[in-house]
**Student:** 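First the structure, then my questions, so here it is.
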Amino acid sequence: MSDLRELYQQLILDHNKNPRNFRTIESAQRTVEGNNPLCGDRLMLYMNLDGNHISDISFQGSGCAISKASASLMTVALKGKTVQEAEGIFQNFQRMVTGKDSNFDAMGNLAVFSGIRDYPTRIKCATLAWHAANAALHNHQKSISTEGEAS
Ligand code: ZN
């Protein structure tokens, strides 16, 4: 388990240092601003849809290593997925980080955040980008805040 934890830690450090899809999308179809005042994490989520597929997704912003790595890994996981697939991954991620599900086999690299359940104050860091992406998928919010949410 310690080897796995070390691997997870390295993956988070790598994605924090070299975040994937860390750019703006000019005239993106959907943009959502995410704000986690508890930690000071702020990001802007960009998304383009081609029919039912997420054709492009990216983010910009600043925050702690967990929020940035989570956003980076999320864009990799969601790019090219259908809206329904993305919703499923979002729900699984939510269940994983809040400790409601302990089966991470299907989560791939996203399982690096399975240990976050032991650090309740950091759960909002890990889920910030996901809430922003979920809002972008449904196109009903231009900004989201973790303030006042259960997770
Ligand atoms: Zn944070």
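Ligands are counted one by one from 1 in listed order, and the atoms in each one are counted from 1 as well. Throughout, numbering of the chain's residues begins at 1 and tracks the sequence.
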**Student:** Tell me, do His15 and Lys68 make a side-chain contact under 4.5 Å, heavy atoms counted?
**Tutor:**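 No - every pair of side-chain heavy atoms lies 4.5 Å or more apart.
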**Student:** I need the single residue from Asp41, Thr127, Asn36 that forms a side chain to side chain donor-acceptor pair (under 3.5 Å) with Thr146. Which is it?
**Tutor:** Asn36
**Student:** Within the side chain of Glu85, is there an N or O that forms a donor-acceptor pair under 3.5 Å with the backbone of Thr82?
**Tutor:** yes
**Student:** Quick check: do Phe113 and Leu11 have side-chain heavy atoms less than 4.5 Å from each other?
**Tutor:** no
**Student:** Where the side chain of Arg42 meets the backbone of Gly40, is there a donor-acceptor pair that is under 3.5 Å apart?
**Tutor:**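 Answer holds: no.
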**Student:** Decide yes or no for His53 and Lys81: does some side-chain heavy atom of the first lie under 4.5 Å from some side-chain heavy atom of the second?
**Tutor:** no
**Student:** Which protein atoms of type N, O or S are found under 2.8 Å from the Zn ion (ligand 1)?
**Tutor:** Cys39 SG, Asp41 OD1, Asp41 OD2, Cys64 SG, Cys125 SG
